[in-house]
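First up is the structure itself, then whatever we jot down about it.
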Protein chains: 2
Amino acid sequence: MADIARLAGVSPMTVSRAFKADSSVSDATRDAILKAADDLGYVFDSTASSLRSQRTDFIAVTIPSINNANFAETVRGLSEGLKARGLQILLGYTDYDMAEEERLIEQFLRRRPEAIVVTGGRHTPRARRMLQNAGIPVIETWDLPEDPIGHVIGFSNADAVRGMVDHFVARGLSRIAFIGGDTTRDTRGADRRVGFIAAMQAHGLDATRLIAAGIPPISMREGAGAMGRLLDTLPDTQAVICVSDLSAFGALTECQRRGVDVPGRLWIAGFGDYEIAGIAVPALTTINPFPRDIGARTADLILDLLDGRDDPPARIAISPALLIRQSTG
Amino acid sequence: MADIARLAGVSPMTVSRAFKADSSVSDATRDAILKAADDLGYVFDSTASSLRSQRTDFIAVTIPSINNANFAETVRGLSEGLKARGLQILLGYTDYDMAEEERLIEQFLRRRPEAIVVTGGRHTPRARRMLQNAGIPVIETWDLPEDPIGHVIGFSNADAVRGMVDHFVARGLSRIAFIGGDTTRDTRGADRRVGFIAAMQAHGLDATRLIAAGIPPISMREGAGAMGRLLDTLPDTQAVICVSDLSAFGALTECQRRGVDVPGRLWIAGFGDYEIAGIAVPALTTINPFPRDIGARTADLILDLLDGRDDPPARIAISPALLIRQSTG
DNA sequence: ACAGCATATGTTAACGATAACATAAACAGG
DNA sequence: CCTGTTTATGTTATCGTTAACATATGCTGT
């Protein structure tokens with residue numbers, strides 16, 4: 001900036017001002033400065049700016065996996081909402097591992113983000129402590145814990161699956177299975193299984209048709225493998241709820257390979273309303289948790305908090321929608 | 001750090017050293033410092049560190065879409081390879097828009113990354129200029145231009161599709177169609193179409209069975225719509241190559257809905273070897289461009305360049321693999 | 001026992017921007 | 001025409017860390 005200042009015949013401070021849209025610099029001066037900057041091939045240094053102004057314009061975001069259309073949609077909603085304000089997302093993925101999440105949070109906080117968004121309501125004790133003491137807005141998503149660290153925007157995974165079970169029972173089914181991961185690494189997946197078991201028990205039904213499909217996240221292939229095992233061991237099963245649409249689709253293909261009619265002999269449902277659920281033949285019954293909205297509302301919340309506007313509620317509930325399609329009757 | 005130094009009875013410089021793994025600080029001093037830091041709830045400030053040391057440990061990465069399993073795999077490969085060195089990815093997506101890419105590159109360069117990775121070999125003139133003058137390693141991926149800005153790791157999209165056409169022709173087919181986007185927004189998709197046309201013409205075949213499926217990226221649904229139009233207007237088509245597995249799967253579902261036998265009456269092939277290609281019934285013939293490898297080798301290249309190790313080649317070619325599956329004969 | 005070197009720590013200044021305050025010039029209203 | 005205010009610009013110090021250099025202490029080999 002000093003070089004530009006010299007070339008344009010002004011002080012460095014005026015150069016600094018010329019780069020800010022709102023500050024008071026005469027048009028002639030600004031033009032001269034921008035021209036000089038261009039001639040010199042100057043590139044603004046955000047690092048220095050951040051240090052002095054104590055504003056990085058980073059929003060830290062951690063998601064379990066970068067390879068997941070649902071989380072991707074949430075990130076899209078978020079970055080769309082933040083872009084206008086010049087806030088940049090610092091994205092990291094945890095691989096569904098809380099220890100990795102802790103490491104990531106620690107790294108991110110060193111970068112002094114304006115706010116931090118994490119996925120889920122469960123974290124290591126140290127991660128919780130770091131978030132609590134971070135002194136910036138903390139938003140949890142994709143879950144709806146009773147006592148969020150700061151704010152939470154999400155839904156109860158257990159309740160969502162419960163609604164699906166209720167629907168199946170109301171339609172007269174009783175022998176319902178659940179395909180999910182075989183650990184609690186994916187806490188949202190684990191919550192869905194908990195919801196399944198609770199709902200089945202509430203109806204006085206057998207809640208033990210649980211197929212462990214592998215280490216989360218469950219792929220299409222693992223869904224297919226789990227369906228194979230289900231058909232082999234519990235052939236009288238009437239319906240299967242899968243932890244995600246991807247595993248549900250895998251399960252569906254296994255039925256196709258074995259000539260098992262869906263929904264004629266077996267119903268299949270997924271979770272997430274991925275594109276494949278709507279276009280598969282038959283189309284898959286699923287639950288839409290509105291991932292884009294989660295991101296968009298998170299962005300709004302962050303802007304409100306940064307501006308100190310009113311006092312937003314600590315818990316914002318998103319209502320997932322049950323989508324009944326051809327795969328279930 | 002000054003507070004910690006006071007509490008631990010050392011100088012701030014020693015505190016700074018205590019946070020670096022390799023620097024010479026006695027064990028006793030380091031313990032005292034880390035304890036003091038912990039007691040004070042200190043969080044290291046990377047911004048200040050970056051400014052002074054002129055090292056941000058950021059690697060800027062732009063991809064067309066965050067919601068794409070192939071690019072996600074490349075990012076995974078990249079971040080896996082960079083993690084050990086403490087390099088953090090600054091990820092942004094362009095929405096397949098070169099103007100947006102330009103904006104993103106400009107923003108990213110202000111953050112002073114150690115290197116920048118972009119997708120594709122085509123950029124706006126200003127983006128090119130910025131990259132050329134950035135003074136850091138520039139790596140283009142997912143393409144193989146003759147004259148990369150800095151380095152390139154990728155493959156020729158046109159050649160890959162050409163190989164597939166050759167295979168179909170060798171199998172005796174001649175009426176082959178291509179389903180792709182209806183603009184050149186997705187330059188890789190456009191290159192694939194170019195490869196299709198060139199290959200068909202090289203065989204003396206009609207290269208006009210081109211179905212425009214919508215604005216890239218083409219979804220499963222758009223693939224289905226395009227297949228519908230193809231079946232309506234060119235019912236004697238023997239095979240369809242789709243710009244991606246997702247559109248190919250959509251096309252397959254349309255055939256299923258219409259009772260068109262695949263591969264009996266029509267062959268379908270995709271691109272990308274997404275998981276769905278392998279598990280769909282019938283499994284889809286496709287091309288695997290090894291997205292993970294692209295990322296992993298990009299990471300290796302970056303480390304080599306940052307360390308000034310030897311002089312890596314400017315162009316590194318990845319050889320995509322043609323995977324023949326049930327959907328084509 | 002002492003030069004020579006490695007190890008542990010301290011001092012000073014600087015990275016590149018801008019917040020905070022100061023000032024000169026232009027402008028408005030009575 | 002003068003005071004009060006707005007607009008355009010300048011000056012100074014600083015954000016929190018670390019590079020570069022300096023120094024003290026301990027250790028090695030002869």
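In what follows, every chain begins at residue 1, and chains take the letters A, B, ... in the order their sequences are listed. Values reported hereafter were calculated over all heavy atoms of this structure, with side chains retained and with hydrogens, waters and symmetry mates removed.
- Among the heavy atoms of the strands lying under 4.0 Å from B:Thr29 are primed sugar atoms or P, OP1, OP2 only; no base atom is included.
- Across all strands shown, A:Thr47 has no heavy atoms under 4.0 Å from either base or sugar-phosphate atoms.
- Side-chain nitrogen and oxygen atoms of B:Ser26 include at least one within less than 4.0 Å of the OP1 or OP2 phosphate oxygen of C:dT9.
- In the interface, the side chain of B:Arg52 is not paired with the base of C:dG16 through any donor and acceptor atom under 3.5 Å apart.
- Residue-to-nucleotide proximity on DNA chain D shows that, of B:Ser46 and A:Pro12, the 5′-proximal contact is made by A:Pro12.
- The residue among B:Val25 and A:Ala48 whose nearest nucleotide of DNA chain C lies closer to the 5′ end is B:Val25.
- Nearest nucleotide to the B:Ser11 side chain, out of C:dG16, D:dG16, C:dT11: C:dT11.
- A:Tyr42 comes within contact range of the sugar-phosphate backbone alone, with a heavy-atom separation under 4.0 Å but no base atom that close.
- With 3.5 Å as the limit, one finds no donor-acceptor pair spanning the side chains of A:His151 and A:Glu140.
- Using cut-offs of 30° and 60° on the angle between ring planes, the pair B:Phe71 and B:Trp142 is perpendicular.
- At whole-Å resolution of the value, CE in B:Met1 and P in C:dT9 are 15 Å apart.
- Under 3.5 Å, the side chain of B:Arg112 and the base of C:dG16 form no donor-acceptor pair of N or O atoms.
- Of the candidate nucleotides D:dT9, D:dT17, C:dA19, D:dT17 has the atom lying nearest to any side-chain atom of B:Phe44.
- Among the heavy atoms of the strands lying under 4.0 Å from B:Ser49 are primed sugar atoms or P, OP1, OP2 only; no base atom is included.
- Listed pair B:Thr14 / C:dT9 fails the phosphate criterion, with no side-chain N or O lying under 4.0 Å from OP1 or OP2.
- Remark: the backbone N or O of A:Pro145 is paired with a side-chain donor or acceptor of A:Arg315 at under 3.5 angstrom.
- Put simply, CZ on A:Arg17 is 11 Å from P on D:dT11, counting in whole angstrom units.
- Side-chain contact check for A:Thr47 and A:Ser50: no donor-acceptor pair (N or O, by modelled atom type) lies under 3.5 Å.
- The side chain of A:Met13 has D:dT11 as its nearest neighbour among D:dT11, D:dA8, D:dT17.
- Under 4.0 angstrom from either OP1 or OP2 of C:dG16 there lies at least one side-chain N or O belonging to B:Gln54.
- The nearest heavy atom of DNA chain C to A:Leu51 and to B:Arg30 marks one nucleotide each, and the one closer to the 5' end goes with B:Arg30.
- Comparing D:dT17, D:dA20, D:dG10 by their closest approach to the side chain of B:Asp45 singles out D:dT17.
- Residues B:Ala134 and B:Leu109 share a closest heavy-atom pair of CB-CD2, 3.9 Å.
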